[in-house]
Amino acid sequence: MPTSDDPRAHDIRAVVFDWRGTLVCELTPSGWVREALRRVGRDHDDLAVASVLRSVHTPELLTRLRSPLGNTSAQRHRDTYYGVFAAAGLDDELADELWAVESDPTYNPFAVDAARTLSTLAEHGCAIGVLSNIHFDIRPVFDRAGLLDHIDSFVLSCERGVQKPDPAIFRLALDELGTGAEHTLMVGDRPSRDGVAVDVGMPTLLVPPLTDSARSSLHLVTMTVGAHRQHPPTRHGDGRRGRGRAHGDHRGHGEHREHVALV
């Protein structure tokens with residue numbers, strides 16, 4: 001991993017973050033099912049959770065949940081999930097609560113060090129983007145947390161009709177920030193999705209999936225870009241913060257990696 005003394009650290013002018021599992025917590029599959037069962041007033045012990053997961057997490061249904069097009073629109077995401085719930089034999093009440101939990105960002109609190117990391121990067125002069133496979137607008141989440149002004153660009157799959165690991169969505173993020181791939185660090189938790197950024201020339205930092213908001217790992221980002229240096233570089237891009245532009249302005253359930261890697 002580069003440090004502030006590594007020449008690569010001095011070349012980073014922008015950072016693009018994944019959202020769920022990186023900046024915010026992501027429920028584990030068991031946590032997702034347990035909360036849905038609790039909300040419908042049913043037993044939600046380990047046996048009950050395991051029973052639902054056995055129904056949903058068959059090889060065929062997992063493949064459908066991980067569809068490379070499943071987050072390219074809100075409707076497609078909903079259709080994908082409800083199709084899986086029906087195929088698994090789940091009743092409508094439980095299906096509705098599973099969907100509600102999946103779509104409720106209150107189950108995704110920010111990492112304890114997220115605000116500090118974003119603030120440090122901004123002070124350092126780095127442009128900051130958020131790139132997420134998601135089926136709803138997450139700008140209000142940042143706004144409520146007082147973090148919207150730190151973000152220069154949101155590239156959300158449901159607004160763009162493309163999702164990770166398609167290299168095209170990483171290029172969209174670069175276009176939004178106005179920085180070259182070699183000067184833009186991608187930070188995420190899933191090698192098969194976020195790790196594809198290397199294919200477009202972006203250095204990529206993979207961190208352990210965040211399932212506990214009290215765990216600190218985002219300091220690795222500021223270490224990688226050397227953001228504690230006393231003299232920050234000139235800010236790249238258009239210099240505005242908190243643009244949060246929508247697409248019209250031209251702006252879960254996967255594998256985990258339990259270590260940090262820079263690729």
Side-chain angles (χ1 to χ4, degrees), residues 1 15-36 49 53 57 65-66 70-71 77 98 101-122 126 128-148 150-151 154-158 163-165 169-170 173 185-198 202-225 227 252-263:
M1 178 188 307
V15 180
V16 176
F17 288 93
D18 170 52
W19 184 58
R20 273 183 174 166
T22 302
L23 282 175
V24 301
C25 282
E26 182 169 30
L27 287 174
T28 64
S30 294
W32 170 54
V33 171
R34 192 183 309 278
E35 180 60 12
V49 169
L53 285 176
H57 281 184
L65 283 176
R66 297 169 182 164
N71 272 304
H77 189 84
L98 285 167
V101 174
E102 159 69 7
S103 305
D104 187 346
T106 62
Y107 292 108
N108 305 119
F110 278 93
V112 66
D113 54 349
R116 180 171 65 252
T117 298
L118 295 174
S119 177
T120 299
L121 291 171
C126 284
I128 301 173
V130 174
L131 170 57
S132 179
N133 285 358
I134 196 65
H135 58 290
F136 57 87
D137 185 6
I138 59 177
R139 296 176 185 84
V141 179
F142 283 80
D143 194 19
R144 288 192 294 270
L147 300 176
L148 187 62
H150 291 315
I151 310 302
F154 288 90
V155 175
L156 310 181
S157 61
C158 63
Q163 70 181 57
K164 297 177 286 187
I169 199 166
F170 296 99
L185 178 69
M186 179 68 208
V187 181
D189 66 307
R190 296 190 177 186
S192 65
R193 297 182 185 181
D194 305 304
V196 176
V198 299
M202 298 172 69
T204 300
L205 179 66
L206 297 173
V207 296
L210 185 68
T211 57
D212 178 1
S213 63
R215 192 186 74 215
S216 299
S217 62
L218 294 176
H219 65 282
L220 297 165
V221 180
T222 53
M223 288 174 58
T224 299
V225 303
H253 301 273
E255 83 289 348
H256 286 175
R257 168 165 261 177
E258 296 301 333
H259 63 277
V260 177
L262 184 72
V263 291

Engineer: For the pair D113 (side chain) and S217 (backbone), establish whether a donor and an acceptor sit closer than 3.5 Å, ignoring hydrogens and angles.
Structural biologist: yes

Engineer: Using every non-hydrogen atom in the two residues, find where F110 and S213 come nearest and quote the distance to one decimal.
Structural biologist: O-CB, 3.5 Å

Engineer: Please round to the nearest 0.5 Å and tell me the distance separating atom CG of L218 and atom CG of L205.
Structural biologist: 9.0 Å

Engineer: Using side-chain contact (heavy atoms from CB on, under 4.5 Å), reason through R139 and L156 one step at a time and then give a plain yes or no.
Structural biologist: CA-CA 10 Å; R139 296 176 185 84; L156 310 181; 3.8 Å; yes

Engineer: State whether the side chain of S119 and the backbone N or O of R116 hold a donor-acceptor pair below 3.5 Å, judged by distance alone.
Structural biologist: no

Engineer: Rounded to the nearest 0.5 Å, what separates atom NE2 in H150 from atom CG in L121?
Structural biologist: 9.5 Å

Engineer: Show your working on side-chain contact (heavy atoms from CB on, under 4.5 Å) between I134 and F154 and close with a plain yes or no.
Structural biologist: CA-CA 11 Å; I134 196 65; F154 288 90; over 6 Å; no

Engineer: Which atom pair, heavy atoms only, marks the closest approach of D189 to P209?
Structural biologist: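 That would be OD2-CB, 3.6 Å.
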
Engineer: Show your reasoning for whether side-chain contact (heavy atoms from CB on, under 4.5 Å) applies to V196 and K164.
Structural biologist: CA-CA 8 Å; V196 176; K164 297 177 286 187; over 6 Å; no

Engineer: Would you check if R144 and P105 make a side-chain contact, meaning some heavy-atom pair closer than 4.5 Å?
Structural biologist: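 R144 vs P105: side chains touch.
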
Engineer: Of the non-hydrogen atoms in I169 and Q163, which two are nearest, and what is the gap between them?
Structural biologist: CD1-CA, 3.8 Å

Engineer: Using a 4.5 Å cut-off on heavy atoms from C-beta on, say whether the side chain of I151 contacts that of L118.
Structural biologist: yes

Engineer: Quick one: does L210's side chain get under 4.5 Å of T22's, heavy atoms only?
Structural biologist: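 Of all side-chain heavy-atom pairs linking T22 with L210, none is under 4.5 Å.
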
Engineer: Would you give the length of the straight line joining atom CZ of R20 to atom OH of Y107, rounded to the nearest 0.5 angstrom?
Structural biologist: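 Separation between the atoms: 11.5 Å.
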
Engineer: Working to the nearest 0.5 angstrom, can you tell me the gap between D212 CG and E26 CD?
Structural biologist: 14.0 Å

Engineer: For residues F142 and L23, determine if any side-chain heavy atom of one lies less than 4.5 Å from a side-chain heavy atom of the other.
Structural biologist: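 Answer yes - side chains close enough.
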
Engineer: Under a 3.5 Å distance rule, please check whether T204 uses its side chain to pair with a backbone N or O of M202 as donor and acceptor.
Structural biologist: yes

Engineer: Give the minimum heavy-atom separation between V33 and L98, together with the two atoms involved.
Structural biologist: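 Shortest heavy-atom contact: CA-CD2, 4.0 Å.
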
Engineer: Is the shortest side-chain N to carboxylate O distance from R193 to D18 below 4.0 Å?
Structural biologist: no

Engineer: Please find the pair of heavy atoms, one from S132 and one from I138, that lie closest to each other, and give the distance.
Structural biologist: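 Nearest pair, atom of S132 first, then I138: CB-CD1, 4.3 Å.
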
Engineer: For the residue pair H77 and H135, categorise the inter-ring angle as parallel (less than 30°), tilted (30 to 60°) or perpendicular (more than 60°).
Structural biologist: parallel

Engineer: Of the non-hydrogen atoms in S216 and V112, which two are nearest, and what is the gap between them?
Structural biologist: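 Result for this residue pair: OG-CG1, 3.4 Å.
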
Engineer: How about N108 and V141: do any of their side-chain heavy atoms sit closer than 4.5 Å?
Structural biologist: no

Engineer: Measure the CG-CZ distance between D194 and F170 for me, rounded to the nearest 0.5 Å.
Structural biologist: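 The CZ atom of F170 is 6.0 Å from CG of D194, to the nearest 0.5 Å.
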
